[in-house]
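Reviewing the structure listed below.
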Amino acid sequence: MKIATWNVNSLKVRQQHVIDWLETSQTDVLCLQELKLTDDKFPRAELAEKGYRSWYAGQKTYNGVGILVREGLNVDESTIVRNIPGFEDPQQRVIAATIDGVRIISAYFPNGQAPGTDKFAYKLRWLEALHDWLVSELAQYPKLALLGDYNIAPEDRDVHDPKAWEGQNLVSPEERAEFVRLVGLGLTDAFRKFEHPEKIYSWWDYRMMAFRRNAGLRIDHILLSGPLAAACTSCDVDKVPRKWEQPSDHAPVVAQLS
DNA sequence: ATGGCAGAAATATTCTGA
């Protein structure tokens, strides 16, 4: 099973990119973030025509997450979960589904704006709620993958200029500690299971020619529970769609499970 | 310290993103 995550920054604008990328990558399960559209605007029929079924939790203007699943895979409809159970939140940031026995979670972590702000406090609250929910999810589903835009660069090697970013949002010690706490549940950062060249990132600012300068951050991740980490044979960032006309500022991250 | 780019809502300008 080939699984992937991609913050598309508006599915309306990036619909054709998604379709083109699915066709070339032959991905089985694609987790999407920042749909920026309501459920009635989701291009369900267009994706079905290309051989993918969709589940989503949409929202006007902001947030919104989805999971696209290739025809032929078994989706247990009764296990679909939207949002973190017990965590009251009007923002649509989580959807989970069980696909061929694998628990797949598509998550759009809060940005946080800056340490010390209300939005940062919300980010930390949200991370705690996610952590606590994952405890029960892992008990129920030993094969679990948490894919998404984490809005956290876990280590300095995930940051193009660690000195300039020190202490700032996306890299601050508090949020990195929350990432470590997630890993502490027995999850593995699939990307770091393998050797890679230096300076691999998943997001680049639209401004200041950041992509051409490779001034990026690695903030999109795939965390895998033990059995899936053992079955994972590769994990890479696909920079190609970031080079397309009118791209998302994020690139897809892909993992192959044997 | 700020803005720069992009998308959405709205239809000028503001909010949010990371």
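The structure presented is a predicted model; accordingly, all values stated were derived computationally and were not measured.
Taking atom CH2 on A/Trp244 and atom C1' on B/dA6, their separation rounds to 19 Å, with Å as the unit. Distance CD (A/Glu245) to P (B/dA6): 10 Å, rounded to an integer number of Å. A/Gln33 places its CD atom 17 Å from the C1' atom of B/dT16, with the value rounded to the nearest Å. Atom pair A/Ile219:CD1 and B/dG17:P shows a separation of 12 Å (rounding to whole Å applied). Atoms CD (A/Gln113) and C1' (B/dC15) sit 10 Å apart, rounded to a whole Å. Whole-Å rounding puts the A/Gln168 CD to B/dA1 P distance at 10 Å. Rounding to whole angstrom units, CD of residue A/Gln91 and C1' of B/dT16 are separated by 11 Å. A/Phe109 has its CZ atom 21 Å from the P atom of B/dT16, to the nearest Å.
To the nearest whole angstrom, the two C1' atoms, one in B/dT14 and one in B/dA10, are 10 Å apart. Atom name P, nucleotides B/dC15 and B/dT11: the rounded distance is 14 Å, in whole Å. Between B/dA1 and B/dA12, the two P atoms lie 35 Å apart (nearest whole Å). Of the P atoms belonging to B/dG4 and B/dT13, the separation is 14 Å, rounded to the nearest Å.
Contacts of A/Tyr108 with the nucleic acid, taken as non-hydrogen atoms under 4.0 Å apart, involve only primed sugar atoms and P, OP1 or OP2. Nucleic acid contact for A/Asn63: none, since no nucleic acid atom lies under 4.0 Å from a heavy atom of the residue.
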Dump every N/O contact between nucleotides 2-5 of chain B and the protein below 3.5 Å, one line per pair.
residue, atom, partner, partner atom, Å
B/dG4, N7, A/Arg207, NH1, 2.9
B/dG4, O6, A/Arg207, NH1, 2.7
B/dG4, N1, A/Arg207, NH1, 3.4

Write out a two-atom table: protein N or O, nucleotide N or O from nucleotides 8-13 of chain B, distance below 3.5 Å.
residue, atom, partner, partner atom, Å
B/dA8, OP1, A/Ser10, OG, 2.5

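Checking A/Arg218, A/Arg192, A/His196, A/Lys199 one by one against A/Arg157, the side-chain contact (heavy atoms from CB on, under 4.5 Å) holds for a single residue, A/Arg192. Among A/Ile104, A/Val75, A/Leu147, A/Leu257, the single residue meeting the side-chain contact (heavy atoms from CB on, under 4.5 Å) criterion with A/Val29 is A/Ile104.
Cluster membership check: A/Trp244 shares its hydrophobic cluster with A/Leu22, using side-chain heavy-atom separations under 4.5 Å among Ile, Leu, Val, Met, Phe, Trp and Tyr.
A side-chain N or O of A/Tyr206 and one of A/Asn9 form a donor-acceptor pair less than 3.5 Å apart. Counting only N and O atoms by type, the side chains of A/Asp238 and A/Trp21 include a donor and acceptor under 3.5 Å apart. Residues A/Arg93 and A/Gln59 bring no donor and acceptor atom of their side chains to less than 3.5 Å of each other.
Note on ring orientation: taking the six-membered ring where Trp is involved, the planes of A/Phe211 and A/Trp204 are perpendicular (angle over 60°, cut-offs 30° and 60°).
Looking at every heavy atom in both residues, A/Ala129 comes nearest to A/Phe87 through CB-CD1, 3.4 Å.
Contacts classified as ring pair (Phe, Tyr, Trp, His ring centres under 6.0 Å) and involving residues 24-57 of chain A (residues at least two apart or in different chains) are given here: A/Phe42-A/Tyr56.
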